[in-house]
Amino acid sequence: MINQLDLQLAQIINAGQTGRHIVEDGGYIYLCIARPDKPDAMLADKVWQVQRIDSDGSNIFAAAGAGTGATRAFCHAATNPAGLTYHARS
């Protein structure tokens with residue numbers, strides 16, 4: 001379900017007001033979005049929200065670290081999104 005925060009972020013992205021980085025790897029697409037106040041962030045900066053999109057279009061956000069759940073936080077580097085942890089949906 002899309003909420004107000006998702007809509008606001010989508011508007012910022014569409015307006016070109018934040019950085020984005022898209023990677024295809026291993027049959028997945030990784031969408032990396034820079035924190036809105038860091039539109040010129042370097043890929044190594046830990047200010048990216050990262051999600052993996054499957055071939056059927058479903059997505060899952062990267063975990064904040066080993067043993068933690070998925071997060072929408074802007075706390076990742078975008079240098080290797082495929083190397084982040086993504087937990088299977090239950």
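Remember, predicted model here, so these are calculated numbers, not experimental data.
The closest side-chain heavy-atom distance from Ile29 to Val23 is not below 4.5 Å. Under the 4.5 Å side-chain criterion, counting only non-hydrogen atoms from C-beta, Tyr28 is not in contact with Ile53. With contacts defined as side-chain heavy-atom distances shorter than 4.5 Å, the pair Pro36/Phe74 qualifies.
Considering all non-hydrogen atoms of both residues, Thr71 and Ala63 come closest at CG2-C, 4.2 Å. In plain terms, the two heavy atoms of His76 and Ala64 that are nearest each other are CE1-CA, 4.0 Å. The shortest heavy-atom contact between Ala44 and Ala77 is O-CB, 3.6 Å.
In terms of modelled atom types and a separation under 3.5 Å, the side chain of Asp45 and the main chain of Val47 share no donor-acceptor contact. Looking only at distances, a side-chain donor or acceptor of Trp48 sits under 3.5 Å from a matching main-chain atom of Met42. Listed for the Gln49 side chain is no donor-acceptor partner under 3.5 Å among the backbone atoms of Ala73.
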Residues Gln51, Ile60; criterion side chain to side chain contact (heavy atoms under 4.5 Å, CB included); working and verdict: CA-CA 5 Å; Gln51 57 184 302; Ile60 188 163; over 6 Å; no

From CA spacing to verdict: side chain to side chain contact (heavy atoms under 4.5 Å, CB included), Asp25, Tyr30: CA-CA 8 Å; Asp25 188 357; Tyr30 297 90; 4.0 Å; yes

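Here the CG atom belonging to Leu84 is positioned 9.0 Å from the SG atom belonging to Cys75, to the nearest 0.5 angstrom.
Salt-bridge annotation for Asp40 and Lys38: absent, with no side-chain N of the basic residue lying under 4.0 Å from a carboxylate O of the acidic one.
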